[in-house]
Amino acid sequence: MSNMTDSIIPRADIVKSAARLGAEIKNIRLSDELSDEVIRAISQLLLEHKVVFFRDQGHLDDFEQQRFAYKLGSLITRTTKQASILGMAPDRRSGRADQMHTDVGDACPKISVLRGVVIPPDDRDTVWSSTAAAYLDLPEALRMLADHLLAVHCSAYDYIVRRHSAETDAKQFDDVFTGSICETVCPVVRIHPETRERLLVLGDSVQNFVGLEKYVSQKLFERLQSYLTSPENTVRWNWKSGDVVIWDNRATERYAIKEASDRDQLERRTAIGGGVPLSIVGPRSLARTKSKPQADKAA
């Protein structure tokens, strides 16, 4: 780490977590009282390492997490049938979430801040992948194809098709989402607006690629996804209560390891907007809405 960053955060130790992404920042207490210079240093470390980890932040509550996140940028309001939540979303998880996923579209968060509130001792780890490193690993011919490839992302595809179709899941889907679902056509390769790196962006909401039939799309998806899940392009984090993880949503994808504990894991996530990745050619994305499928069609 540079001397400039060390001088701005004099007591902090920066330890790389993996070869291509991830760093733990030790001996720092996150709060909205951190100086602008320290916040800029954290932001620079985030650009460099894609995801940064902090232990022992149990002093944060929801309000303090939100105030700290606001120092990093404008918070995104998340809307459900129940409420509009400024920047803060509870995430009580159970079941499986072992598919690589990311937020897509022109309204995707720039940065996400996730705080572990209740972490059962036998709960899962989380893995982040560098979309920049994955792109660089593509063979030249596959890279040229990916540069011009468009993916159709469906807001319900992961929830209904890839995961469960039980009655409880259908009810939760109805409770959270409105009466329509959104399909977004997005470039597979995008350019980071700050680092100018090319990024391989997929996620588990990909339904198919434009111009390719479903079977061919699936095989191509699996081939491209293998570069994102390659061990050298990933970093794994073992959660403890009080942990805070900040990741650059534009430059990473993520997934949880193994099934969650029967005891729910409770997290709080804050989303920060701005800095949408740019496409190499053509429009950034095209959104379209259609009626939500009935739950029995997912069975």
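Just so you know, residue 1 is the first one in the sequence shown, and it goes up from there.
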Quiz item: Going from CZ on Phe209 to NZ on Lys214, what distance comes out if it is rounded to the nearest 0.5 angstrom?
Solution: 13.0 Å
Taking distance alone, no hydrogens or angles, what donor-acceptor pairs closer than 3.5 Å link side-chain atoms of residues 140-147 to residues at least two apart or in another chain?
from: Arg143; atom 1: NH2; to: Leu136; atom 2: O; distance (Å): 2.9
from: Arg143; atom 1: NH2; to: Leu138; atom 2: O; distance (Å): 3.0
from: Asp147; atom 1: OD1; to: Tyr135; atom 2: OH; distance (Å): 2.8
from: Asp147; atom 1: OD2; to: Tyr135; atom 2: OH; distance (Å): 3.3
from: Asp147; atom 1: OD2; to: Arg198; atom 2: NH1; distance (Å): 3.3

Self-check item: From Ser230 atom OG to Asp137 atom CG, the distance as rounded to the nearest 0.5 Å
Solution: 6.5 Å
Self-check item: Thr270 and Gln65 side chains, donor-acceptor separation under 3.5 Å
Solution: yes
Quiz prompt | Side-chain heavy atoms of Ile246 within contact of Leu72, under 4.5 Å | solution = yes
Quiz prompt | Reported CG-to-OG distance for the pair Asp36 and Ser43, which is rounded to 0.5 angstrom | solution = 10.0 Å
Quiz item: Looking only at heavy atoms, what is the nearest atom pair of Leu30 and Gln57, with distance?
Solution: N-OE1, 2.9 Å
Quiz item: When hydrophobic residues are tied together by side-chain contacts of less than 4.5 Å, even through go-betweens, does Leu47 share a cluster with Trp247?
Solution: no
Quiz prompt | Salt bridge present between Asp32 and Lys71 (N-O < 4.0 angstrom) | solution = no
Practice problem: Check Ala133 against Asn233 and note the closest heavy-atom contact, atom names and distance. | Solution: CB-OD1, 3.3 Å
Quiz prompt | Backbone of His192 reached by a side-chain donor or acceptor of Thr195 within 3.5 Å | solution = no
Quiz item: Closest heavy-atom contact between Ile76 and Pro109?
Solution: CD1-CA, 3.7 Å
Quiz item: Can you list the steps and then say if Thr126 with Arg236 is a side chain to side chain contact (heavy atoms under 4.5 Å, CB included)?
Solution: CA-CA 6 Å; Thr126 301; Arg236 180 168 174 167; over 6 Å; no
Quiz prompt | Side chains of Arg250 and Pro193 in contact at under 4.5 Å (non-hydrogen atoms) | solution = yes
Exercise. List the atom of Glu64, the atom of Asp61, and the distance in Å for their closest heavy-atom pair.
Key: N-OD1, 2.7 Å
Exercise. Report the residue from Asn27, Ile28, Asp243 that forms a side-chain contact (heavy atoms from CB on, under 4.5 Å) with Arg55.
Key: Asp243
Quiz item: Should Val245 and Val113 count as side-chain neighbours, where that means a heavy-atom distance under 4.5 Å?
Solution: no
Quiz prompt | Minimum side-chain heavy-atom gap Tyr227-Ser130 below 4.5 Å | solution = no
Exercise. Indicate yes or no: at least one non-hydrogen side-chain atom of Glu197 is less than 4.5 angstrom from one of Leu199.
Key: yes
Quiz item: Does one side chain, of Glu48 or Gln44, offer a donor that lies under 3.5 Å from an acceptor on the other?
Solution: no
Quiz item: Does any non-hydrogen side-chain atom of Glu253 lie less than 4.5 Å from one of Leu202?
Solution: yes
Quiz item: Counting only N and O atoms by type, is there a donor-acceptor contact under 3.5 Å from the side chain of Thr131 to the main-chain atoms of Ala251?
Solution: yes
Exercise. Quick one: do Trp239 and Leu114 satisfy side chain to side chain contact (heavy atoms under 4.5 Å, CB included)? Show the steps, please.
Key: CA-CA 11 Å; Trp239 283 94; Leu114 190 63; 3.7 Å; yes
Practice problem: Indicate the ring-plane relationship of Trp237 and Phe53, choosing parallel, tilted or perpendicular according to the 30° and 60° boundaries. | Solution: parallel
Quiz item: So, Trp128 and Thr234: side-chain donor and acceptor under 3.5 Å apart, yes or no?
Solution: no
Practice problem: Look at the side chain of His49 and the backbone N and O of Val51, then say whether any donor-acceptor pair between them is shorter than 3.5 Å. | Solution: no
Quiz item: Are any of the side-chain nitrogens in Glu24 or Lys16 under 4.0 Å away from the carboxylate oxygens of its partner?
Solution: no
Self-check item: Shortest non-hydrogen contact between Leu21 and Ser129, atoms and distance
Solution: CD1-C, 3.8 Å
Practice problem: May I ask you to test the Val201-Val189 pair for a side-chain heavy-atom distance under 4.5 Å? | Solution: no
Quiz item: Is it true that the side chains of Ser31 and Glu33 contain a donor and an acceptor less than 3.5 Å apart?
Solution: no
Quiz item: Minimum heavy-atom separation for Ser217 to Leu212, with atom names?
Solution: OG-O, 3.3 Å
Quiz prompt | N-O pairing of Asp248 and Lys50 below 4.0 Å | solution = no
Quiz prompt | Hydrophobic cluster identity match, Ile280 and Leu224, side-chain contacts under 4.5 Å | solution = yes
Practice problem: Among Asp125, Asp204, Leu228, Val127, find the one that has a side-chain contact (heavy atoms from CB on, under 4.5 Å) with Tyr255. | Solution: Val127
Quiz item: Does Leu75 reach the side chain of Gln66, with side-chain heavy atoms less than 4.5 Å apart?
Solution: yes
Quiz prompt | Arg115/Asp62 ion pair, N-O < 4.0 Å | solution = yes
Quiz item: Between atom CD1 of Ile272 and atom OG of Ser74, what is the distance when rounded to the nearest 0.5 Å?
Solution: 9.0 Å
